[in-house]
2 protein chains.
Amino acid sequence: MISQTEENYLKVLYNLTSLKGEASVNDISKQLDIKMPTVNSMMKRLAEKKLVVYESYKPLKLSVEGKKLAALIIRKHRLTEMYLVEKMGFGWENVHNIAEQIEHIQAPEFFDKMDELLGFPKVDPHGSPIPDADGNIASDNYLKLSDCKVGESVTFMAVQPSSEDLLKFLTSRELSLGLELKIKQIEPFDGSMVISYANKENEMLSSKVCDKLLVSKKSKKK
Amino acid sequence: MISQTEENYLKVLYNLTSLKGEASVNDISKQLDIKMPTVNSMMKRLAEKKLVVYESYKPLKLSVEGKKLAALIIRKHRLTEMYLVEKMGFGWENVHNIAEQIEHIQAPEFFDKMDELLGFPKVDPHGSPIPDADGNIASDNYLKLSDCKVGESVTFMAVQPSSEDLLKFLTSRELSLGLELKIKQIEPFDGSMVISYANKENEMLSSKVCDKLLVSKKSKKK
DNA sequence: TTATTTTGTTAGTATCATCTAACTTGTTAA
DNA sequence: TTAACAAGTTAGATGATACTAACAAAATAA
C-alpha cells in the first residue's frame with residue numbers, strides 16, 4: 001500500500017521529470033514546501049518500494065512502475081476536474097483544490113463511473129490530457145502562443161501551468177478552449193501580443209500570459 | 001485542525017452515543033477495530049480539544065461542539081451517498097465505502113453543490129436523516145417493523161443499521177423505501193413476518209431483517 | 001462477599017512524516 | 001585552482017497514531 005503522502009511525492013516527481021526526465025531533491029522540496037532532508041528520506045523509501053530510482057548525489061528518476069502509478073493518480077485528478085466542471089457546474093478556476101483531495105480516493109469504480117458519465121474524455125478542463133486506465137498518456141504536441149508569429153491563426157488548446165489567477169483572468173476575457181486566435185501584432189519590447197478571437201478585437205495579452213497558453217496550428221477537434 | 005483519524009473517532013462516538021447518550025472505550029475499540037489503549041489516548045486528546053467529555057473509568061460523551069462537528073461529518077457522508085445514488089447511478093448497497101472516504105474532503109462548496117443539485121434532500125438513500133449545515137439533525141420517530149402487529153399497514157421509511165449484505169437482500173426482494181407493507185402474519189416461534197407489498201404477496205422476512213427495517217404508521221411523504 | 005472476568009489505564013515501543021543542526025559533496029566564481 | 005556557496009546527506013528530535021505487556025478498577029458470578 002501507498003500513503004497519500006507518498007502519492008503526492010510521486011505526482012510532483014512525475015510533473016517535474018516530465019520535462020527533463022529527472023529532478024532534484026531541491027526541486028521537490030520547493031514544490032511541496034517540505035525541507036530537503038524529509039524529501040531525501042522519502043525518496044529512499046520510495047526507492048525501496050521500487051517506485052523511484054535513487055542514487056546518492058544523483059538526480060532522481062521515476063521507475064517504470066512509479067511512472068505508471070503517478071499517471072493513474074493524475075488520471076483521477078483530471079477526471080475529477082472534468083467531472084466537477086461538466087457535471088457539477090464549477091468554474092475551471094475552482095476545481096484544482098477539490099480534485100487535489102479526491103485524487104486520493106481508493107475506489108476505482110468511482111472514477112470509472114465519472115469517466116463513463118463524461119463520455120470518456122481525452123482532456124481535462126484546462127486542456128491537459130487524461131491518462132488512460134493503464135497509465136498511458138497522450139503527448140499533446142502543442143506550441144506556446146508566445147512562440148507564434150504575427151498573422152498566424154491558431155486554436156487555443158490548453159493552459160499550462162494553470163494557476164487560479166490566470167484562469168480567472170482568462171475567464172474575464174472570455175478566453176476559453178477551442179477558440180480561434182488571430183495574432184494581430186507582437187510588441188518587440190515586452191513580447192506582449194494583440195489577439196483577436198470570437199467577438200473580441202485586438203485584445204492585449206502580456207508575454208507572461210501568452211507563455212502559458214498552448215495552441216495548435218491546424219484547428220484540431222477533440 | 002482535526003485529522004481524518006480524529007474525525008473517524010468522533011463519528012463512531014456520535015453513532016454509539018445516539019442511543020444511550022454515552023459509550024465505552026471498549027465499544028469504540030470494537031467498532032473501529034483499534035486496541036483499547038489507542039482509543040483511550042485518543043479520547044484524552046479529543047477531550048483536550050474540548051470535543052469529548054472524558055473522566056477516568058467513566059463512560060464517554062461528546063461535548064456540544066463535538067456533537068456538532070460529528071454531525072457535520074455525517075452530513076457530508078449522507079449527502080455523498082445520496083449524490084452517488086441519485087446523480088451517478090450507484091446502487092444503495094455500494095455507496096458506503098466511497099462516502100466513507102469522501103466525507104473527509106475539506107471543501108464546503110463541494111458539499112453545498114451536491115446539496116443544491118440534489119434539491120436539498122432530507123434523508124440519505126437508506127432513509128437516515130441528513131443533518132443541516134449547522135449540524136442539527138431531525139429525529140425520525142419511526143418504529144421497527146418487528147414491533148408492528150398483524151394486520152397493520154405501514155410505510156417502509158429507512159434501513160438501520162444498513163449493511164451491504166442486508167441492502168443486497170432487500171434489493172433482491174424489490175423492497176425499496178416508500179413502499180406500503182401489509183403485515184399478514186407473524187410466526188410466534190422465531191418472530192419472522194409474512195408481508196405483502198407492491199406486487200409481492202406473502203413474502204417471508206426473518207426477524208433479523210424486520211429488526212432493521214424502520215417504518216411509519218401514517219404513510220408520510222418526504 | 002470474595003473470586004473471577006471484563007473493562008480501563010499506564011508505560012514503553014514502533015512507524016510515518018515532519019523538523020533542525022551539522023556535516024559532506026558538488027558546483028561556481030574569484 | 002582553490003575558496004565560497006549550493007545541494008545533498010546523516011543524525012537526532014518531535015508529534016501523530018498505532019501496538020503489546022502489565023497493572024488497576026469495576027462489574028459479575030460463585
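Sequence lines set the chain letters: A, B, ... in the order given, protein chains first and strands last, and positions in each chain run from 1.
A:Glu6 has a carboxylate O that lies under 4.0 Å from a charged side-chain N of A:Arg45, or vice versa, which qualifies the two as a salt bridge. Look at B:Lys168 and B:Glu164 and you find a salt bridge, because one of the NZ, NE, NH1 or NH2 atoms lies within 4.0 Å of a carboxylate O, short of that distance.
The CD atom of B:Gln4 sits 12 Å away from the P atom of D:dA18 (whole-angstrom rounding). Going from atom CE of B:Met42 over to atom P of D:dC19 covers 11 Å, rounded to whole Å. Nucleotide D:dA16 holds its C1' atom 13 Å from the CD atom of B:Glu48, rounded to whole Å. Between the CD atom of B:Glu7 and the C1' atom of D:dT17 there is a distance of 15 Å, given to the nearest Å. Taking atom CG of A:Asn26 as the reference point, atom P of C:dT27 lies 14 Å away to the nearest angstrom. Atoms CE (A:Met43) and P (D:dG8) sit 12 Å apart, rounded to a whole Å.
Separation of atoms CD (B:Gln101) and NE2 (B:His96) is listed at 10.5 Å; rounding is to 0.5 Å.
Listed candidates were D:dA18, D:dT10, C:dT9. Nearest to the side chain of A:Lys44 is D:dT10.
Proximity of A:Tyr83 to B:Met88: side-chain heavy atoms (C-beta onward) are separated by under 4.5 Å at one or more points.
For B:Lys68, the side-chain hydrogen bond (donor to acceptor under 3.5 Å, both in side chains) criterion is met by no residue, not counting sequence neighbours.
Of the side-chain N and O atoms in A:Arg45, none sit less than 4.0 angstrom from OP1 or OP2 of C:dT15. Contact annotation: B:Thr5 reaches the phosphate of D:dT17 (side-chain N/O to OP1 or OP2, under 4.0 Å). Applying the 4.0 Å criterion to OP1 and OP2 of D:dT17, one finds that B:Ser3 has a side-chain N or O inside that range. The phosphate of C:dT18 (OP1 or OP2) has a side-chain N or O of A:Tyr9 nearer than 4.0 angstrom. For D:dT9, the OP1/OP2 oxygens have a side-chain nitrogen or oxygen of A:Tyr54 closer than 4.0 Å.
Residues from residues 28-40 of chain A with heavy atoms under 4.0 angstrom of DNA chain C, sorted by number: A:Ile34, A:Lys35, A:Pro37, A:Thr38.
Between B:Ser63 and B:Lys50, the closest heavy-atom pair is OG-O, 2.7 Å.
Along DNA chain C, the nucleotide nearest to A:Glu6 and the one nearest to A:Tyr57 differ in position, and the one closer to the 5' end is contacted by A:Glu6.
At least one donor-acceptor pair closer than 3.5 Å links the side chain of B:Arg78 to the backbone N or O of B:Pro129.
Within the 4.0 angstrom heavy-atom criterion, no nucleotide atom of any strand lies near B:Ser41.
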